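Take a look at the structure below.
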Amino acid sequence: MSELATLLEVGGPVAALGGGAAYTRANHPALYWSAVGGPISTVRLLSSYASVMEACGLTVAPSRLRVLAVKATTRREVRPVPPRRGIIRPTATGLRLRLRLAPGQEPADVTASAERLRHAWGVHAVYVSTVKPGVVELRLVGFDVLRKVRMPRKIGDGFLKVPVALREDAMPFVRDYRAVPHQLTLGATLSGKSMYLRHLVSGLAPQDVALVGVDCKRGVELAPFASRLSALATDPDEASELLPVLVKEMEDRYDLIKARQGIAPSTPDEEITSDIWGLPDSERPVPVVLFVDEVAELFLTATRKDEERRDEMVTQLIRLAQLGRAAGIYLEVCGQRFGAELGKGATMLRAQLTGRVCHRVNDEASAKMALGDIAPEAVIAACAIPAERPGLAVAGDTSGGWSRIRTPYLSLGDAADVCRETAHLVPDFPALKRFRPYVPAPLPSVERPGPAVQPRPLAD
């Protein structure tokens, strides 16, 4: 009985500790990683580094000088040499360390062994990036950071840069309009596309930019941000009037660049390589970001007259995508479905959209339309997005790189509040004045009467 009592006394705290660790790992993975997972993975890495590198084929034969030195000083066996390891730097989501590659190795060799390294060191994922020739950085992620998104505290944002999501390697996904001027964003209903759009609008609202919206769903997506928008078209008829104004604004900006830089007025716009950022601050026009929600609505036609209007609008969108970057006009094209069957000009428009973000879609053709021409392997990842993870998407660009991202939750009310607080930043745009959306005055708050207070009975 005394031995049983001793076991119960010892086993109780151990079971409670194990249960607490399991609960923390499931519900608070960041805390579990900092307290338990990180130290364990660090010990595994330090104790098995050389053997793991050799098993992964990342070692090379030692130099003759090293062989002679080992034989002269010791009698131990001369083993292959692994890449030189730098200092292990812990982070809130994993570990980082740099490797100096041995002669004859390349970063692709380490990338091919990332899955083996993940299992050997007990982490969620391993990502490899090149720092400089001969040096790579291993980013070890300890848990699934996309399950519950928490953006990093320090994010290198700036003008025309918006951190909108978290990548699977725990790095922020920043929408940089100077680097990627135009983007195509696809996603089915409840896939998180609207959340992505909210982050873009609320991130750009405090900046000195003009926001223009085309929302053919009667404005249900962009109307809450009307206080910060310079123009809003809520149906194809209004869009057909708004787009020519933007094209005219783009042409006027090209004339401004020609006049400022001494370029002949007869020079075609396509041959001008400079942009508005070369102009002085006093003469530089404000950048314009055009949000097009449900782009398929602009392609749909019912009559011959609608076809003529559609062809004209698509032509104007293509012109803005081709020439708008130098004039400081950027496109954010969103929709549930985008394919060649939409009509003439769809494929040509897509070719001008450098960035691609594909949320969960209803068919493989849409994923191929978004990612198939830049990264065929990303199509498979986009088609595997589960419905129970809204906000998860595959982001890529025409360089061929891609990664999984997930947008954190942002309520519509919070995004609309940001737009209302920054309404004074709407730039003066005379050409867009007639398209400025109506902003109703906020309803006065009405205080509800509280429960009636019953009089206390008098004492006898």
Side-chain angles (χ1 to χ4, degrees), residues 157-165 173-186 193 196-215 221-222 225 228-233 239 242-254 256-257 269-270 272-279 284-293 295 298 313-335 338 348-357 370 395-399 419 422 425-427 429 431-432 435:
D157 54 352
F159 186 55
L160 288 176
K161 294 181 180 179
V162 182
V164 291
F173 176 76
V174 180
R175 176 74 173 94
D176 187 354
Y177 286 91
R178 295 285 298 275
V180 182
H182 312 305
Q183 181 170 275
L184 174 65
T185 303
L186 296 182
K193 175 174 59 66
Y196 184 88
L197 190 61
R198 291 175 197 172
H199 278 275
L200 286 178
V201 175
S202 60
L204 289 171
Q207 304 186 25
D208 187 19
V209 297
L211 304 181
V212 179
V214 175
D215 183 4
E221 291 290 347
L222 297 178
F225 317 128
R228 184 59 180 85
L229 297 180
S230 298
L232 176 62
L242 174 60
L243 292 177
V245 176
L246 294 176
V247 172
K248 181 63 170 57
E249 174 67 21
M250 179 185 68
E251 294 172 348
D252 292 343
R253 295 187 177 195
Y254 271 108
L256 178 63
I257 296 173
D269 295 342
E270 294 82 354
I272 301 178
T273 57
S274 300
D275 50 34
I276 63 170
W277 307 109
L279 300 175
R284 183 185 305 133
V286 64
V288 179
V289 179
L290 172 61
F291 295 97
V292 182
D293 192 44
V295 65
L298 299 180
M313 287 191 297
V314 172
T315 301
Q316 291 159 351
L317 278 176
I318 293 174
R319 289 199 64 197
L320 289 173
Q322 287 179 337
L323 307 175
R325 182 205 62 82
I329 299 178
Y330 308 103
L331 268 64
E332 197 75 35
V333 180
C334 308
F338 197 84
M348 188 175 181
L349 175 61
R350 181 199 63 167
Q352 303 297 329
L353 305 178
T354 307
R356 311 287 175 81
V357 173
D397 53 48
T398 51
S399 65
C419 293
T422 57
L425 298 177
V426 177
F429 234 122
L432 298 177
F435 300 102

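None of the values given here were measured: they were computed from a predicted structure.
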Problem set entry | Phe291/Asp215 under side chain to side chain contact (heavy atoms under 4.5 Å, CB included): CA gap, chis, key distance, verdict | CA-CA 8 Å; Phe291 295 97; Asp215 183 4; over 6 Å; no
Find out whether [X] and [Y] are in side-chain contact, i.e. whether some heavy atom of one side chain is under 4.5 Å from a heavy atom of the other.
| X | Y | value |
| --- | --- | --- |
| Val209 | Leu425 | no |
| Ser202 | Cys419 | no |
| Arg356 | Arg350 | yes |
| Arg198 | Phe225 | yes |
| Leu331 | Val289 | no |
| Phe429 | Pro285 | no |
| Arg253 | Ile329 | yes |
| Val292 | Leu298 | yes |

For this session: Output yes when a side-chain donor or acceptor of Arg325 lies under 3.5 Å from a complementary backbone atom of Pro181, and no otherwise.
Result: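 Looks like no, no N/O pair under 3.5 Å.
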Exercise. Using the ring of each side chain (for Trp, its six-membered ring), is Phe173 parallel, tilted or perpendicular to Tyr196, with breaks at 30° and 60°?
Worked result: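 Rings of Phe173 and Tyr196: tilted, 30 to 60°.
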Problem set entry | side chain to side chain contact (heavy atoms under 4.5 Å, CB included) between Val333 and His182, intermediate numbers included | CA-CA 8 Å; Val333 180; His182 312 305; over 6 Å; no
Exercise. Under the side chain to side chain contact (heavy atoms under 4.5 Å, CB included) criterion, do Val162 and Val174 qualify, and how do the steps go?
Worked result: CA-CA 5 Å; Val162 182; Val174 180; 5.9 Å; no
For this session: Scan side-chain atoms only and decide if Gln183 and Tyr330 contain a donor-acceptor pair under the 3.5 Å cut-off.
Result: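 No pair is found: no donor N or O on one side chain lies under 3.5 Å from an acceptor on the other.
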For this session: Salt-bridge test for Lys193 and Glu221: reply yes if a basic N is under 4.0 Å from a carboxylate O, no otherwise.
Result: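 Between Glu221 and Lys193 there is no salt bridge, as every charged N stays at least 4.0 Å from the carboxylate O atoms.
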For this session: Kindly determine whether Cys334 and Val295 satisfy side chain to side chain contact (heavy atoms under 4.5 Å, CB included), including the steps that lead there.
Result: CA-CA 6 Å; Cys334 308; Val295 65; over 6 Å; no
